[in-house]
Amino acid sequence: MDRSLLAGPTLAAARALLGARLVRDPHDSLPRRIGRIVEVEAYIGEDDRASHARFGRTARNAVMFGPPGIAYVYLVYGMYDCLNIVTEPEGSPAAVLVRAVEPLEGIDAMRSAREALVRDRRRRPVPASSSPARSVRDLRLASGPGLVAAAFGITRSDTGRDLCDAGSSLRLEAPPRDENRATIRATARIGVDYAGPPWTTRPWRFLVAGHPSVSGPARLR
DNA sequence: GCAAGGATATCG
DNA sequence: GATATCCTTGCA
């Protein structure tokens, strides 16, 4: 993915990221994993009281102040890693949180990686693989920021990786040219009540309207 | 509806 | 050094 798409205003970068592919190359006998980004949120500047940059530069958020296209991964609620993509030029702290992707390739590996972190208590038998259609469960394997990181095996140690480098084993790729441009919907961001107005109501969450892989209740898709 | 879970930023 | 808080999730 072209870095210039992420170097501009973060709201434009967030929209540009919808439809982009998150790719992790094969490793440790695991197959390639690919997902289509269907939901993101923008966090913009030190004034944004919902952003990790609100306290200024710290050890944790330092990469947010760096060049665009770099991964920023943090731990939330003591359990889940969340993948962000740094936007805007160096010195301007901003990032886009990847909240959901549609699994396209390496779905079994995504499920395994997720279950390694989140125990699946329901031992529901796996349906016969003869079925060509993906189950709803498949489509929702990575429908949440913690689930995206889990499905791709992304952790805080991935912070600093260049996602725009075509040679990186974890990277972003532009959508195929012939892919239909989806209808984009904007809503308030999720889980930022602590920030207070006006930050709680800024329509800085972007999603592919009606897509089954978007996180949260159906009415917010 | 709510507990789990650990790092983070802030305060004493 | 102690503690309130957090860009979530799956289960009761």
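Proteins come first, then strands; the chains are lettered A, B, ... in the order of their sequence lines, and each starts at number 1.
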Only pairs with both distances under 3.5 Å count, Watson-Crick or wobble alike; so what is the partner of B:dG5 in this structure?
none
Does C:dC7 have a Watson-Crick or wobble mate here (both distances under 3.5 Å), and if so which one?
none
Which comes earlier along DNA chain C counting from the 5' end, the contact point of A:G144 or that of A:A195, where each point is its nearest nucleotide?
A:A195
Tell me, with the steps shown, if A:R171 and A:D165 meet salt bridge (Lys or Arg N to Asp or Glu O under 4.0 Å).
CA-CA 7 Å; A:R171 63 185 177 279; A:D165 180 354; over 6 Å; no
Whole angstroms only, please: what is the [atom1]-[atom2] distance between [X] and [N]?
X      : N      : atom1 : atom2 : result
A:L141 : C:dT9  : CG    : P     : 13 Å
A:L75  : C:dT9  : CG    : C1'   : 13 Å
A:D193 : C:dC7  : CG    : C1'   : 11 Å
A:Y80  : B:dA3  : OH    : C1'   : 11 Å
A:L147 : C:dT9  : CG    : C1'   : 7 Å
A:E115 : C:dC11 : CD    : P     : 11 Å
A:N61  : B:dA9  : CG    : P     : 7 Å
A:Y72  : C:dC7  : OH    : P     : 9 Å

Side chain of A:P145 (C-beta onward), nearest among B:dA9, B:dG6, C:dT8
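So the nucleotide nearest the side chain must be C:dT8.
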Output yes when at least one side-chain N/O atom of [X] is less than 4.0 Å from OP1 or OP2 of [N], else no.
X      : N     : value
A:R60  : C:dC6 : no
A:R114 : C:dT9 : no
A:T58  : B:dT8 : no
A:Y77  : C:dT8 : yes
A:H52  : B:dT8 : no

Return the stacking result for C:dC7 and A:Y43: yes when the ring centres lie under 5.5 Å apart and the planes under 30°, no otherwise.
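Taking the rule of under 5.5 Å and under 30°, the ring of A:Y43 does stack on C:dC7.
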Let me know, please, whether A:M79 or A:R156 comes out on the 5' side of the other along DNA chain B by nearest nucleotide.
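Looking at DNA chain B, the more 5' nearest nucleotide goes with A:M79.
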Given DNA chain B, 5'-ward residue of the pair A:V76 and A:F55, judged by closest heavy atom
A:V76
Single-linkage hydrophobic cluster A:L97~A:V63, side-chain heavy atoms < 4.5 angstrom
yes
A:L75 reachable from A:V86 in the ILVMFWY side-chain graph, under 4.5 Å edges
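Per the 4.5 Å side-chain linkage, A:V86 and A:L75 are not co-clustered.
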A:R99 and side chain to side chain contact (heavy atoms under 4.5 Å, CB included): which single residue from A:V148, A:L83, A:V214, A:I190 fits?
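Only one of A:V148, A:L83, A:V214, A:I190 forms a side chain to side chain contact (heavy atoms under 4.5 Å, CB included) with A:R99, namely A:I190.
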Ignoring hydrogens and angles, are the base of C:dC7 and the side chain of A:Y74 linked by a donor-acceptor pair under 3.5 Å?
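Between C:dC7 and A:Y74, which were checked side chain against base, a qualifying N/O pair under 3.5 Å is present.
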Under the side-chain contact (heavy atoms from CB on, under 4.5 Å) criterion, do A:R60 and A:T159 qualify, and how do the steps go?
CA-CA 10 Å; A:R60 177 174 68 161; A:T159 292; over 6 Å; no
